[in-house]
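Here the structure is a predicted model, which means the values were calculated and not measured. Start at 1 and go down the list; that is how both ligands and their atoms are numbered.
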Amino acid sequence: MDKIRVIGGNALKGTIVVKGAKNAVLPLMACALLTDDEMVFENVPHLADINTMTQVLRHLGADVTHENETLRVRANAIRNFDAPYELVSKMRASFWVLGPLLGRFHQAKISLPGGCAIGTRPIDRHLYAMERLGAQISIQNGYVQATSSGRLKGNKIIFQPTVGGTMNALMAAVLATGTTEIVNAAAEPEVTDLARCLNQMGAKISGVGTRRLLVEGVDSLHGTTYKVVPDRIEAATYAVAAGITHGELYIENAHLYLMEDVAFVLSRMGLDVIEKDNGLFVSGKNCELVATDIVTEEFPGFPTDCQAQVMALMCLAKGTSTVTENIFENRFMHVQELVRMGANIHIQGTRTAVVRGVDHLSGAPVMASDLRASAALVLAGLAAEGETIINRIYHLDRGYDRLEEKLRSVGADIVRFRPIGDEEI
Ligand code: EPZ
């Protein structure tokens with residue numbers, strides 16, 4: 001099993017290019033099921049999660065190719081309507097095919113995803129939306145069976161906030177009869193990206209980017225070429241890398257409108273974050289990191305997917321910071337690993353981590369527990385004294401395209417290696 005070795009202490013300097021957002025690509029791939037025509041997605045990174053979605057679509061009968069950064073999907077010969085346990089348990093975003101399968105083929109059988117390292121993550125809001133659109137839902141043998149007799153019917157859907165639920169609802173509603181109103185919709189940039197792509201395919205969605213989406217159903221959609229929105233979480237991760245190493249990075253394709261709250265928090269902590277040309281210039285050179293408080297919220301609030309990375313930065317900031325996690329109930333798995341590196345962090349209650357800044361971190365062997373926790377450990381390793389070995393980095397490969405290569409290109413001492421005798425998993 002691959003590991004990453006980081007020797008901390010190098011100030012990073014140079015340019016890193018951010019690719020399309022994983023969490024936008026996955027639903028976009030699912031939405032390709034809504035048309036017979038070819039869909040072409042540009043700016044698509046090579047990630048394990050994208051390979052998993054490729055397997056899901058191929059299982060359904062779609063043609064998928066991914067060359068360089070162009071991903072093509074053609075769903076003109078769909079013959080299966082199920083997403084099996086082996087794939088959904090590997091990646092819960094496989095569940096995002098429910099909406100398009102129901103919307104276009106009026107049937108779907110999708111494995112229930114089960115729990116995950118960051119929380120229980122139920123799918124009740126997705127099912128509520130499908131039922132509101134007229135689907136009959138039953139749960140049998142670990143699978144959700146959903147059917148409708150003919151086209152779904154537009155209706156009002158009042159959500160408790162959910163990113164994936166909003167995406168599934170949108171993809172189901174675009175081919176329904178009549179109008180669907182989605183109230184309290186998620187407004188994350190990846191949801192907006194999906195809605196824009198659907199409109200480019202001929203859908204009629206208004207209110208895009210707001211919490212109230214109106215979908216006027218259409219009879220059919222057509223193919224299009226769509227450039228995926230840049231990955232704001234990847235961008236934020238590299239912004240923290242600049243800060244934690246007291247370096248300077250130009251992060252190409254990073255944009256303030258996608259990550260205003262993160263930029264604001266980093267500025268409060270002492271970093272310079274400046275919009276320049278087609279990216280963000282982030283500097284932690286000569287800065288003294290200062291403590292701050294963050295609370296994770298729906299967009300445009302501070303994203304839960306950046307909480308672990310910013311916590312790594314807080315470990316070295318002067319004073320006491322707090323992190324309150326409001327989205328997931330168990331997203332502090334990185335805390336004990338950071339503590340192994342010398343951080344001073346205590347969990348208060350179930351939702352808040354109190355981080356007292358220390359003078360230095362020291363390298364240690366650590367275990368990645370999920371995607372963003374892995375990134376936080378790499379970041380801590382970049383600043384720590386000595387060697388940090390990060391185990392279970394397959395989590396990292398789910399969402400970061402060649403992270404160690406990108407960091408090495410700006411001066412980090414970081415390598416991926418496979419211990420002798422370890423088998424490929
Ligand atoms: C998406 O997950 C992202 N995943 C997550 O990114 C991200 O952390 C999350 O949105 C929040 O921004 C993808 O886009 C593939 P939710 P999603 O439905 O859609 C509860 C990463 O690191 N809930 O908005 O699953 C849920 O348990 C990942 O890239 C229900 O209770 O998130 C959570 O507490 C991790 N019932 C909250 O809502 C439901 O039916 C928000 O979840 C659905 C959700």
Side-chain angles (χ1 to χ4, degrees), residues 20-31 45 47-50 52-53 56 87-88 90-99 110 112-132 137 139 144 157-171 182 184-194 211 228-229 231-237 258-259 261-262 296-309 325-331 333-334 350-351 368-376 395-401 403:
K22 163 187 85 87
N23 289 347
V25 174
L26 299 174
L28 287 170
M29 290 174 75
C31 94
L47 301 171
D49 275 8
I50 290 173
T52 304
M53 189 56 109
V56 173
L87 295 173
V88 185
K90 208 160 148 191
M91 183 189 73
R92 62 186 296 110
S94 314
F95 200 78
W96 289 198
V97 299
L98 171 68
I110 317 288
L112 284 163
C116 110
I118 60 175
T120 50
R121 303 184 77 182
I123 40 85
D124 54 313
R125 298 174 195 169
H126 299 242
L127 301 186
Y128 152 78
M130 300 305 131
E131 277 176 337
R132 290 293 292 166
I137 306 275
I139 293 177
V144 173
I157 297 170
I158 304 176
F159 266 134
Q160 301 247 42
T162 163
V163 171
T166 304
M167 291 167 162
N168 245 333
L170 269 180
M171 292 188 278
I182 306 179
N184 206 14
E188 267 64 10
E190 297 75 23
V191 177
T192 300
D193 214 40
L194 173 67
R211 298 210 163 272
V228 182
V229 68
D231 195 322
R232 62 195 167 108
I233 312 298
E234 187 190 13
T237 303
L258 296 172
M259 48 186 288
D261 211 57
V262 175
T296 64
E297 286 169 343
E298 287 86 32
F299 188 82
F302 191 91
T304 173
D305 293 347
C306 292
Q307 174 257 101
Q309 300 90 313
E325 172 58 56
N326 271 333
I327 307 294
F328 292 108
E329 71 268 38
N330 188 27
R331 210 170 192 182
M333 301 284 278
H334 42 285
T350 52
R351 295 272 182 199
S369 54
D370 71 74
L371 170 59
R372 309 304 171 186
S374 322
H395 291 294
L396 204 61
D397 294 334
R398 293 186 58 175
Y400 289 93
D401 186 18
L403 175 110

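- Within ligand 1, counting atoms from 1 as listed, the ones closer than 4.0 Å to a heavy atom of Thr304 are 8 (O), 11 (C).
- In summary, the atoms of ligand 1 found under 4.0 Å from a heavy atom of Phe328, numbered by their order in the structure, are 8 (O), 9 (C), 33 (C), 34 (O).
- Among all heavy-atom pairs drawn from Arg331 and Gln307, the shortest one is O-NE2, 3.1 Å.
- In this structure the side chain of Phe95 reaches within 4.5 angstrom of the side chain of Asn168, judged on heavy atoms.
- With hydrogens and angles disregarded, no donor-acceptor distance shorter than 3.5 Å links the side chain of Asn326 to the backbone of Glu297.
- Taking the six-membered ring where the residue is Trp, His126 and Trp96 present tilted rings, their angle falling between 30° and 60°.
- Atom 15 (C) of ligand 1 has as its closest protein heavy atom Asn23 OD1, 3.4 Å.
- Nearest protein heavy-atom contact of atom 27 (O) of ligand 1 is Arg121 CA, 3.3 Å.
- For Arg372, a nitrogen or oxygen atom sits less than 3.5 Å from a nitrogen or oxygen atom of ligand 1, counting backbone and side chain alike.
- On a distance-only criterion, Leu26 and ligand 1 share no N/O pair closer than 3.5 Å.
- Screening Lys90, Met91, Arg92 for a side chain to side chain contact (heavy atoms under 4.5 Å, CB included) involving Asp49 leaves a single residue, Met91.
- Side-chain atoms of Ile139 and Leu127, non-hydrogen and from C-beta on, do get closer than 4.5 Å to each other.
- Counting heavy atoms only, Asp305 comes closest to atom 21 (C) of ligand 1 of the residues Ile233, Asn330, Asp305, Ile327.
- Atom CG of Leu47 is separated from atom CG of Asp397 by 8.5 Å, given to the nearest 0.5 angstrom.
- The option from Ala375, Gly165, Pro122, Cys306 that lies nearest to atom 43 (C) of ligand 1, judged by heavy atoms, is Pro122.
- In this structure, Arg232 pairs ionically with Glu190, as a charged nitrogen and a carboxylate oxygen lie closer than 4.0 Å.
- Taking a 4.0 Å cut-off on heavy atoms, Met167 fails to register as neighbouring ligand 1.
- Nearest non-hydrogen protein atom to atom 36 (N) of ligand 1 is Asp124 OD1, 2.7 Å.
- Taking only nitrogen or oxygen atoms, main chain and side chain alike, Trp96 does not reach within less than 3.5 Å of ligand 1.
- Within the listing of ligand 1, atoms 18 (O), 19 (O) sit less than 4.0 angstrom from a heavy atom of Gly164.
- Nearest to atom 16 (P) of ligand 1 among the protein's heavy atoms is Val163 N, 3.6 Å.
- The shortest contact between atom 18 (O) of ligand 1 and any protein heavy atom is with Thr162 OG1, 2.7 Å.
- The ligand atoms of ligand 1 that sit less than 4.0 angstrom from a heavy atom of His126 are 40 (O).
- Considering only non-hydrogen protein atoms, atom 38 (O) of ligand 1 sits nearest to Arg125 NH1, 3.0 Å.
- Counting the atoms of ligand 1 from 1 in the order shown, those under 4.0 Å from a heavy atom of Ile123 are 39 (C), 40 (O).
- In this structure, CG on Leu194 lies 10.0 Å from OG1 on Thr166, to the nearest 0.5 angstrom.
- Under the 4.5 Å side-chain criterion, counting only non-hydrogen atoms from C-beta, Lys22 is in contact with Leu371.
- Distance from atom 35 (C) of ligand 1 to its nearest protein heavy atom, with residue and atom name: Arg331 NH2, 3.6 Å.
- Once rounded to the nearest 0.5 Å, the distance linking CD1 of Ile233 with CD of Gln309 reads 7.5 Å.
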